[in-house]
Amino acid sequence: MTFDEAVSGMMREIEANWDARTPVHLASEFYGVGSRDAEFWFAEFEWADLGDLSGRDVLHLQCHLGTETAAFARRGARTVGLDISGAAVTAARRIAAEAGLDIEYVRANVFDAAQALSGRRFDVVYTGKGALVYLPDLDRWAGVVADLLRPGGSVYVVEFHPLLAALGLVPAPDEGTDLVLRHDYLAGDGPRRLDSAHSYTDGPPLDGPTVSYEWSHGLGELVTALVGAGLRVTALRETDEVPWPRWPRMTRTARGWWRLPSDEPRIPLLYGLRATAPTD
């Protein structure tokens with residue numbers, strides 16, 4: 001990975017911040033480590049798009065505690081998780097061992113994934129729900145993903161919709177009842193600096209670095225980056241459901257996710273995108 005010193009410094013701060021978040025997340029009700037089924041974190045359309053994973057090689061980028069990674073292993077995939085946080089990787093290894101799951105975890109910056117994995121290639125590269133905002137360069141990231149895929153392999157991106165990100169993933173202190181645009185939908189104005197003693201989960205203040213950075217990425221930027229890396233977009237889905245109640249007035253669905261009340265306009269809150277590598 002080669003970035004200028006300013007961006008490299010930001011990424012070091014992001015790593016330190018996620019190290020500090022890890023113990024809070026491990027103990028949080030939000031993640032429910034050890035009690036919540038890994039399948040909870042997946043939208044229903046994800047498994048239809050991913051298909052049968054039995055016997056396939058799956059890489060989960062920016063996997064954090066491995067709460068989602070475990071679902072791939074349980075479905076029979078040879079599973080690898082990669083994350084920038086050493087604390088998170090250590091925790092993920094312990095969680096997998098306690099659950100009796102054979103998952104390999106690697107600590108590395110996602111931009112160094114190809115080198116960290118010694119040139120190995122995968123049938124599926126998965127990344128999801130809150131990962132892309134920590135990437136300063138989607139074109140470079142897409143190139144890394146392409147290098148990680150076997151011929152005919154697919155990358156599957158499941159992310160909070162840029163519209164939701166623009167409305168704010170975490171409630172603002174002065175938030176009223178209206179949906180208010182608070183952040184950029186599109187890239188262009190550089191990273192947003194965040195400094196908060198609390199994470200997005202329940203739990204106590206962080207005992208460690210509190211500064212992090214996020215970059216906005218619109219859907220057009222993502223699609224263009226993947227196509228520019230030689231991949232072909234084969235599916236794009238949007239849904240109005242998310243795994244947690246972003247606004248107090250959201251209603252719970254039958255499967256335990258949340259959406260805005262039925263008398264309000266439906267807006268996309270999450271999307272899934274699949275892109276495939278050439279077969280030769």
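What you see is a predicted model, and the numbers here were worked out from it, not measured in a lab. The residues of the chain are indexed from 1 along the displayed sequence.
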Does Ile95 share a hydrophobic cluster with Trp18, counting links as ILVMFWY side-chain heavy atoms below 4.5 Å and allowing steps through other members? yes
Using only atom types and a distance under 3.5 Å, with no angle test, would you say the side chain of Glu159 pairs donor to acceptor with the backbone of Gly128? no
Does some side-chain heavy atom of Val80 sit less than 4.5 Å from a side-chain heavy atom of Ile103? no
Whether the side chain of Asp4 engages the backbone of Val7 through a donor-acceptor N/O pair (distance < 3.5 Å, no angle test) should be reported. yes
Hey, any chance Leu167 and Leu169 share a hydrophobic cluster, counting ILVMFWY side chains that come within less than 4.5 Å of each other, even indirectly? yes
Can a donor-acceptor pair be found between the side chains of Ser196 and Thr210 at a distance below 3.5 Å? no
Enter the distance from Asn109:CG to Leu135:CG here, rounded to the nearest 0.5 Å. 8.5 Å
Does Asp102 CG have over 12 foreign heavy atoms under 6.0 Å away? no
Does the distance from a Lys or Arg side-chain N to an Asp or Glu carboxylate O, for Glu264 and Arg259, drop under 4.0 Å? no
Does any non-hydrogen side-chain atom of Arg140 lie less than 4.5 Å from one of Phe3? yes
Under 3.5 Å donor-acceptor, Arg193 side chain and Val211 backbone: no
Tell me whether Glu39 is salt-bridged to Arg255, with the criterion being a basic N under 4.0 Å from an acidic carboxylate O. no
Would you confirm whether the ring centroid of Phe72 sits within less than 6.0 angstrom of the ring centroid of Phe42? yes
Specify the closest pair of heavy atoms between Cys63 and Thr69, including all atoms of both residues, with the distance to one decimal. CB-OG1, 3.5 Å
Is there a continuous path of hydrophobic side-chain contacts, each under 4.5 Å between heavy atoms, that joins Leu61 to Met11? yes
Is any side-chain heavy atom of Val157 less than 4.5 Å from a side-chain heavy atom of Arg274? no
Donor-acceptor contact present, side-chain Ser216 to main-chain Asp184, <3.5 Å: yes
Minimum heavy-atom distance between Ala275 and Leu231, given as atom pair plus value: CB-CB, 4.0 Å
Counting neighbours of CZ on Arg266 that are heavy atoms of other residues, nucleotides or ligands and sit closer than 6.0 Å, is the number greater than 12? no
Ignoring hydrogens and geometry, is there a side-chain-to-backbone donor-acceptor pair from Asp178 to Val180 under 3.5 Å? no
I would like to know whether Val158 and Tyr271 meet side chain to side chain contact (heavy atoms under 4.5 Å, CB included); could you show each step before the answer? CA-CA 6 Å; Val158 183; Tyr271 70 88; over 6 Å; no
CG-OG1 distance between Asn17 and Thr22, expressed to the nearest 0.5 angstrom: 9.5 Å
Under a 4.0 Å N-O cut-off, is there an ion pair linking Lys129 with Glu46? yes
Mind checking whether Tyr213 and Tyr134 have ring centres under 6.0 Å apart? no
Ala113 and Val144 have their tightest heavy-atom pair at CB-CG1, 4.2 Å
If hydrophobic clusters are built by linking Ile, Leu, Val, Met, Phe, Trp and Tyr wherever their side-chain heavy atoms come under 4.5 Å apart, do Leu132 and Val155 end up in the same one? yes
Step by step, work out the side chain to side chain contact (heavy atoms under 4.5 Å, CB included) result for Leu138 and Leu222. CA-CA 7 Å; Leu138 276 196; Leu222 174 62; 4.2 Å; yes
I need the Leu270 CG to Arg237 CZ distance, nearest 0.5 Å. 12.0 Å
To the nearest 0.5 Å, what is the distance between CD on Glu238 and CG on Leu163? 9.5 Å
Check the pair Glu175 / Arg246 against salt bridge (Lys or Arg N to Asp or Glu O under 4.0 Å), numbers first and verdict last. CA-CA 12 Å; Glu175 185 169 288; Arg246 165 61 184 84; 2.9 Å; yes
If you look at every heavy atom in Gly152 and Thr276, which pair is closest and at what distance? O-CG2, 3.5 Å
Expected output: side-chain Ser35 to main-chain Gly32 donor-acceptor under 3.5 Å: yes
Arg120 bridged to Glu104 by N-O distance under 4.0 Å: yes
Can you tell if the side chain of Trp247 reaches within under 4.5 Å of the side chain of Leu179, non-hydrogen atoms only? yes
For the side chain of Asp202 and the backbone of Phe30, is there at least one donor-acceptor N/O pair under 3.5 Å apart? yes
Smallest heavy-atom separation, Gly86 atom then Asp19 atom, equals N-OD1, 3.3 Å
Thr79 (side chain) donor-acceptor with Ala77 (main chain) under 3.5 angstrom: yes
So do Ile267 and Asp240 actually touch side chain to side chain, heavy atoms under 4.5 Å? no
What pairs with Arg232 under side-chain hydrogen bond (donor to acceptor under 3.5 Å, both in side chains), at least two apart in sequence or on another chain? none
Trp244 ring center near Phe160 ring center (under 6.0 Å): yes
pair Leu273-Val223: side-chain heavy atoms closer than 4.5 Å: yes
Pairwise distance CD(Glu241) to CG(Leu260) - rounded to 0.5 angstrom: 11.0 Å
Take a 6.0 Å sphere around CG of Asp195 and say whether it holds more than 12 heavy atoms from other residues, nucleotides or ligands. yes
Start with the C-alpha gap between Glu221 and Leu186, add the side-chain angles, then the distance that decides, and say whether side chain to side chain contact (heavy atoms under 4.5 Å, CB included) holds. CA-CA 8 Å; Glu221 182 188 0; Leu186 300 174; over 6 Å; no
Is it true that Asp83 and Arg107 have a side-chain N and a carboxylate O under 4.0 angstrom from each other? no
Roughly how far apart are Met250 CE and Trp257 CH2, rounded to 0.5 Å? 11.0 Å
Beyond-backbone contact of Leu59 with Leu148, side-chain heavy atoms, under 4.5 angstrom: yes
Would you call the rings of His64 and His25 parallel, tilted or perpendicular, taking 30° and 60° as the class edges? perpendicular
Between Asp57 and Arg121, does at least one N-O distance fall below 4.0 Å, as a salt bridge requires? no
Hey, which of Tyr126, Trp41, Phe122 is the one that makes ring pair (Phe, Tyr, Trp, His ring centres under 6.0 Å) with His60? Tyr126
Any chance you could lay out the side chain to side chain contact (heavy atoms under 4.5 Å, CB included) test for Leu82 and Tyr105, step after step, and finish with the verdict? CA-CA 6 Å; Leu82 181 143; Tyr105 285 103; over 6 Å; no
Within one Ile-Leu-Val-Met-Phe-Trp-Tyr cluster: Tyr31 and Ile84, side-chain cutoff 4.5 Å: no
Looking at side-chain heavy atoms only, is the closest gap between Asp49 and Tyr156 below 4.5 Å? yes
At their closest point, which heavy atom of Gly130 faces which heavy atom of Val133, and how far apart are they? O-CG2, 3.8 Å
